[in-house]
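Per chain, numbering begins at 1; letters A, B, ... match sequence-line order.
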Protein chains: 2
Amino acid sequence: MPRPPGSHGVETRGRILQTALELFTQQGYDKTSLRDIAGRLGITKAALYYYFERKEDILLELHLQLHNAGSELLDELESAEDGPARVAAWPRLVNRLIAFMLENRELILLHSRNQSAFETLARSDRNRAENTALEERFVQILSSPVIPLRDRVRMAATVGVITEVFVESARAFTDVAPEELAALAHEALADLMPAEAPTAL
Amino acid sequence: MPRPPGSHGVETRGRILQTALELFTQQGYDKTSLRDIAGRLGITKAALYYYFERKEDILLELHLQLHNAGSELLDELESAEDGPARVAAWPRLVNRLIAFMLENRELILLHSRNQSAFETLARSDRNRAENTALEERFVQILSSPVIPLRDRVRMAATVGVITEVFVESARAFTDVAPEELAALAHEALADLMPAEAPTAL
DNA sequence: GTCTATATTTCGATAGAC
DNA sequence: GTCTATCGAAATATAGAC
């Protein structure tokens, strides 16, 4: 069956990204050569240059995938007005946070294990405004002068819990049904940040 | 004043490690050349080889510093017998966890930002048994079959909170007095994992 | 202990045929 | 779209003088 011109390339391009994601995560971005990626795909290094101008561009594309998902998430976190309203809205965003971690776990692991490579990427722009680091936006949220420190600590704690349970220590819970894990995490997060403001005792 | 033979070297060796720690953290291990390190110290690249046989050995020594501190911590986490006793002991270890994060923040950041480099280090042993990754021991604790899943999730959550507040998002709290931050974190952690076992309601 | 070379290797990137 | 061949640029590491 003849293949329409160009359609093969789209496939290969996707396979390159998938393979790069795995290798960059396992061995690290710098320790992964283009020869490694090409070899696993059964093509040669030179062929990669048909799809990506530079090695960095492969990482950049993976970065953008995470960036897009993360931007949406941060938009939601920022959708409530800075101040007590944002604190009140926070517990309802827990589901979104968990979903984000689960849906993007591979990309998050890639990012987590290659932070320095991603920072180099950010500096060597030809990216630009869109490149405001997600983490910077998050730190800004936590630095708000109109949210009590106590609440800001709890907001950070929330994210810490979710990251630890669903990403960093996820290996310890691989044989647990995701819904069960999510339910237990939810319960813990509710203790940490109850949906209704705690009444002064 | 004449310097006893060898004593100068000890000083320089320490300065190399300190500088490497800073540069590896800021720019990443792979992006930091020996020329970078030497240049900042006002010596040449070749001089580094008098103190370290390979570039990897510099990273290895920094790794060992963290490994030693982390081993002690894990010994304490494991000091209570696996099972409910360990859960009961956990809240009392919170202070130790916080202290560990604060005392080793630079090394932890180094590790966090260069995970892949450290894993390469672990594989290319000439390290060996002592090299049991700290994270692996921690995951083992969380995987215990004789601790209820609910408690294991809380144990992981505890670490997630402390890591997030004192390391990952520490920038958001730089202008907060450490004792105040620790007090608020403590309060949050108590909600997450009360010192006395929660009585069934 | 520190220097000036220089050797060695690896890798990203390009040129040009098919 | 993919290949072979090669260039050029680091960077690690070594040799040997001082």
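In this entry the distance linking CZ of B:Phe52 with P of D:dT12 reads 14 Å, nearest Å. Computed from coordinates, the B:Ile58 CD1 to D:dA13 C1' distance equals 12 Å when rounded to whole Å. The distance from atom OH of B:Tyr51 to atom P of D:dA13 is 18 Å, rounded to the nearest whole Å.
Scored by the ring pair (Phe, Tyr, Trp, His ring centres under 6.0 Å) test, A:Phe166 finds no partners at all (sequence neighbours excluded). Applying the side-chain hydrogen bond (donor to acceptor under 3.5 Å, both in side chains) rule to B:Thr32 yields the partners B:Gln27; only residues at least two apart in sequence or on another chain are considered. Legend: residues meeting ring pair (Phe, Tyr, Trp, His ring centres under 6.0 Å) with B:Phe52, ordered by chain and number and at least two apart, are absent. For the side-chain hydrogen bond (donor to acceptor under 3.5 Å, both in side chains) test, no residue two or more places apart in sequence or in another chain qualifies with A:Arg92.
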*Would you give a per-nucleotide map of nucleotides 3-18 of chain C, 5' to 3', where B means the base has a protein non-hydrogen atom under 4.0 Å away, S means only the sugar-phosphate does, and - means neither?*
BB------SBBB----
Pairs of donor and acceptor atoms involving the side chains of residues 181-191 of chain A, under 3.5 Å and at least two apart or interchain, shall be tabulated with distances.
{"unit_1": "A:Glu187", "atom_1": "OE2", "unit_2": "B:Arg150", "atom_2": "NE", "d": "2.6"}
{"unit_1": "A:Glu187", "atom_1": "OE2", "unit_2": "B:Arg150", "atom_2": "NH2", "d": "3.2"}
{"unit_1": "A:Glu187", "atom_1": "OE2", "unit_2": "B:Arg154", "atom_2": "NH2", "d": "3.0"}
{"unit_1": "A:Asp191", "atom_1": "OD2", "unit_2": "B:Arg154", "atom_2": "NH1", "d": "2.7"}
{"unit_1": "A:Asp191", "atom_1": "OD2", "unit_2": "B:Arg154", "atom_2": "NH2", "d": "3.1"}

